Amino acid sequence: MERFGCTVCHRGRGEAATLPQAHGDKRDGSRLLAREHQEAACGQCHLGEIPGPFKVPGRHAAGKLSGAPVLALGRALARQAGCSGCHEMGPGWPDEPTGPDLTRLTSKVRFPWLVRWIERPRSQAPRPFCPTFGFTRGQAEAIAEALWSHSQAAPVSLPATPLSQGDPERGKGVFRQARCVSCHALEGKGGDLGPDLGRVGDKLTPAWLHAWVAEPRQILPGARCPRFRFTDGERADLITYLLDELRDPEQPVPAPARPPVLDPGQITQGRLLVREAGCPGCHRVPGEPGRVKVGPPLVGIGARPAAGRAAPAAAGTLAGWLLNVLKAPAAFRPGHRMPEYGFTDEEASALVTLLLGMTGEPVPGALVVPASRPAPPALPGTLGRLAEELNCLVCHTIRGFGGDVGPDLSWEGDRVHREWLVGFLRDPGLIRPDFLERMPWFKLSQAEAEALADDILAALRDPRIPAQLFPAQADLARWIDRGKALYRERGCHACHEIGQQGGTIGPSLAEAGTRLRPEWVYIWLKDPQAFITETKMPHPGLSDDQARALAAYVTSLR
């Protein structure tokens, strides 16, 4: 309060002498921020996300700005929606293409699918990042022909001979074994690290899919999909399942790929539409020289008054105007360039919070908190090699770098027993009943699993975790009995399952002793948020002896 006052965070008029005047005027933009948008001002000083677990529902993972989840959601959505492709966003905002490269479409996708996607993306995927521009079928065909006419060859040689036909039922088993739904959704249900696969059979060419499944990073350097060690037969079965079973039942069976008949007039019209829509803002587009921002700059939009803007009466404030534009841009002005993204009310409100914070006001350098970008950790031996081959850090975090699909592995060497870890790496089992995401089966050999486990136990340690909790002569039976009583008293069974009894919010503890070390359980129980800020586990407020007793009981379960 002494350093910043009230108006820095809440807005209003700090120089006013009366309460009504201090709360500001909605017409000139000085009004106090509404409760749902109070995090807007955080973005003026905090220019980037602070690493931490955060996930946008139905969207990709993103860094969390600690203490400002609504603003963090708005930032993640703005990045994923590609706002910076059309608008100047100001300092500290990453300005890079967010959509896929479109320069090699002919080798990857089928022409009829491309037309349907351009016309109405949501007809091909439940929550696409590509918005709906309202193109007619004729305009969509013209754009598809323009993209097709300048498409380049695939980066690797694709199979030219007919590909072997597999068994779709066996392929479905391979799909489940690889646990593809941890990263991909089927008709909106599943992970969100990769595209929805519900209609992949209508989209992809067999040759491209074979090359991708064999080695993703030959097709796309830096691809997040790991290289699975499928046999030739497993790969053929999987691809047959994807192409034959995951299709739109209302569409005809895709014909063998052949070039469409291209019309020069259509190509010219398509190229004009591509530029007008601002497609190069999000994509590398064949034949286009570079990115052009077709939308107005958003720098300073949070300080602009709402008065004089064409908007329904319900949008009399700047926040209301912005919310209506984001939800239904075409309702404000016929021919409005902004496409429709289908944002939910929660998502649109989070984006309004982001925009209200973009006032363009200068901030003293001493108050600016720059973006924190952790560097990839240096990992030794087998751990480093397999983390690279299997893309482990797409799903897991180590020392602040990585994804949040799987658990943070920064202290895995202190958390688990070697015997359990080797077995899990060989054949990943179910730990969290409430999680859709599952560790894929990577077919590690016994030697690889043992070497990987040894590297994890040696390199991924945390000095906060004690080396030994109980001395050799400790009366463990007494500690276990006390911990068992505490387990019931503290209501642990409401979230954890033992012997098919209890909740499923937390991981199963049925065989926790084979997996977890008592030292880890003890330190975790003392302060869960010290390790995972956003964990569902409440801070239990245990004494040292209570945490020790519960650790003894939990790790006695085998």
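These figures come from a predicted structure and were not determined experimentally. As a basis for the values below, the full set of heavy atoms in this structure was taken, side chains included, without hydrogen atoms, waters or symmetry mates.
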* Anything under 30° is parallel, anything over 60° is perpendicular, the rest tilted; go ahead and classify Trp148 against Phe111. => perpendicular
task = Count the heavy atoms of every other residue, nucleotide or ligand shown that sit under 6.0 Å from CZ of Arg122, and state whether that count exceeds 12.
result = yes
ask   = Does Lys293 use its side chain to pair, donor to acceptor, with the backbone of Ser84 at less than 3.5 Å?
value = yes
Checking the side chain of Arg120 only, and the main-chain atoms of Phe133 only, is there a donor and an acceptor separated by less than 3.5 Å? no
Task: Steps toward salt bridge (charged side-chain N to carboxylate O under 4.0 Å, His left out) verdict (Glu412, Arg415) - done: CA-CA 5 Å; Glu412 189 70 3; Arg415 177 160 47 190; 2.6 Å; yes
Distance col, row Cys392:SG vs Leu452:CG, nearest 0.5 angstrom, shows 7.0 Å
To the nearest 0.5 Å, atom CD of Gln177 lies from atom CZ of Arg170 at 13.0 Å
*asked:* Tell me if the CZ atom of Arg176 is crowded by more than 12 foreign heavy atoms within 6.0 Å.
replied: no
request  = Look only at the side chain of Glu119 and the backbone of Arg116, and say whether a donor-acceptor pair between them is shorter than 3.5 Å.
outcome  = no
- Query: Any donor-acceptor pair under 3.5 Å linking the side chain of His396 with the backbone of Asp408?
  - Reply: no
Rounded to the nearest 0.5 angstrom, the CG-NZ distance for Leu197 and Lys203 is 8.5 Å
| request: Would you confirm whether Arg179, through its side chain, and Met439, through its main-chain N or O, come within 3.5 Å as a donor-acceptor pair? | output: yes
Could you go through the side chain to side chain contact (heavy atoms under 4.5 Å, CB included) check for Phe230 and Val213 one step at a time?
CA-CA 9 Å; Phe230 297 129; Val213 172; 3.7 Å; yes
Quiz item: Can any side-chain N or O of Glu347 pair as donor or acceptor with the backbone N or O of Thr344 at less than 3.5 Å?
Solution: yes
On the ring face of Phe531, is Arg464 found with NZ or CZ under 6.0 Å from the centre and within 45° of the axis? yes
Would you please test Arg227 and Glu388 for salt bridge (charged side-chain N to carboxylate O under 4.0 Å, His left out) and show each step? CA-CA 10 Å; Arg227 182 177 71 83; Glu388 171 69 18; over 6 Å; no
